[in-house]
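First listed ligand is number 1; within each ligand, the first listed atom is number 1. Here the structure is a predicted model, which is why all the values come from computation and not from measurement.
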Amino acid sequence: METTSVTPCDGTLYERVGGHAALEVVVADLYARIMADDELAPFFTGVNLPRVQGRQVEFFAAALGGPAPYRGPGMKQIHQGRGITRHHFDRVAEHLTEALRAAGAHPAVTAEIIAAVAPLADDIVTKAIE
Ligand code: HEM
């Protein structure tokens, strides 16, 4: 079986992606990509981005098995009523994939992270028809 010391197959996804520092890089890049996307940027008009990015790092860290809990509001509470469609969710997931790739995450780790966030669509998407 092939093994590598750079991307061990054991440990939490949090560890395998590179811990807190790596997630800060990924989330900063994710928001740069979101704000450069004409279909997504309008959702974040007037939003305190540094604060939301900090929460996002906390959320991902906790969701991927990191040591600290996420203390913010739930996904449904945050996103309901914003008119987010499946299409918007998928675009964010694509930007997350690219941000992980750019940060050097192993493709298998990226795939596992995308699989881990996919079920969140049920709470984030509130508008069925575009
Ligand atoms: C993987 C999917 C997603 C996750 C894990 C996620 C997670 C989060 C988190 C943790 C926050 C910060 C909560 C807080 O205020 O403390 C947040 C805020 C926000 N999210 Fe998401 N989100 C996702 C997808 C989306 C999508 C698809 C959209 C819209 C296209 C979106 C729009 C927003 C907006 C506008 C805010 C700011 C709310 C505010 O503070 O006014 N999110 N999200």
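- For ligand 1, the atoms closer than 4.0 angstrom to any heavy atom of Pro73 are 16 (O).
- Only the side chain of Phe59 comes within contact range of ligand 1, with a heavy atom under 4.0 Å; no backbone atom does.
- Ile124 CD1, 3.5 Å is the protein heavy atom nearest to atom 23 (C) of ligand 1.
- Judged by distance alone, with hydrogens and angles left aside, the side-chain atoms of His95 form no donor-acceptor pair with the main-chain N or O of Val92 at under 3.5 Å.
- A heavy-atom separation below 4.0 Å is not found between Glu58 and ligand 1.
- The two residues Ala105 and Val17 come nearest to each other via the heavy atoms CB-CG2, 4.3 Å.
- In terms of heavy-atom proximity, Arg71 sits nearest to Arg55 at C-NH1, 3.7 Å.
- Some N or O of Arg55 is nearer than 3.5 Å to an N or O of ligand 1, by distance alone.
- Taking the side chain as every heavy atom from C-beta outward, Thr12 and Leu64 never approach each other to under 4.5 Å.
- A salt bridge between Arg101 and Glu98 is present, with a side-chain N of the basic residue lying under 4.0 Å from a carboxylate O of the acidic one.
- With hydrogens and angles ignored, the 3.5 Å screen pairs no side-chain donor or acceptor of Arg51 with any backbone N or O of Val47.
- If you check which protein heavy atom lies closest to atom 40 (O) of ligand 1, you get Arg51 NH2, 3.1 Å.
- Of the heavy atoms in Leu40, only side-chain atoms (C-beta onward) come closer than 4.0 Å to ligand 1.
- Looking at atom 21 (Fe) of ligand 1, its nearest protein heavy atom turns out to be His79 NE2, 2.1 Å.
- Among Val57, Ile78, Asp37, Leu30, the residue whose heavy atom lies nearest to atom 13 (C) of ligand 1 is Ile78.
- By the criterion of a heavy-atom distance under 4.0 Å, the side chain of Leu120, and not its backbone, is placed next to ligand 1.
- For the residues Gln77, Arg71, Gln56, the heavy atom positioned nearest atom 6 (C) of ligand 1 is part of Gln56.
- The closest non-hydrogen atom to atom 35 (C) of ligand 1, taken over Phe60, Phe89, Phe43, Tyr70, comes from Phe43.
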>> Determine whether Asp90 and Arg86 satisfy the following criterion, side-chain contact (heavy atoms from CB on, under 4.5 Å), listing intermediate values before the conclusion.
In response: CA-CA 6 Å; Asp90 288 346; Arg86 179 82 217 189; 3.3 Å; yes
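- Shortest contact from atom 38 (C) of ligand 1 to any protein heavy atom: Arg82 NH2, 3.2 Å.
- Note: Ile78 CD1 to Ile124 CD1 = 8.0 Å, rounded to the nearest 0.5 Å.
- Within the 4.0 Å heavy-atom cutoff, Arg91 does not count among the residues contacting ligand 1.
- Listed for the Tyr14 side chain is a donor-acceptor partner under 3.5 Å among the backbone atoms of His20.
- Hydrophobic clustering, with ILVMFWY side chains joined whenever heavy atoms are under 4.5 angstrom apart, keeps Val25 apart from Ile114.
- In Ala93, neither the side chain nor the backbone holds a heavy atom less than 4.0 Å from any atom of ligand 1.
- The heavy-atom pair separating Tyr31 from Val52 by the smallest distance is OH-CG1, 3.4 Å.
- For atom 29 (C) of ligand 1, the nearest protein heavy atom (residue, atom name, distance) is Ile84 CD1, 3.4 Å.
- Residue, atom and distance of the protein heavy atom nearest to atom 36 (C) of ligand 1 are Phe44 CE2, 3.8 Å.
- Listed by number with element, the atoms of ligand 1 under 4.0 angstrom from any heavy atom of Val92 are 26 (C), 27 (C).
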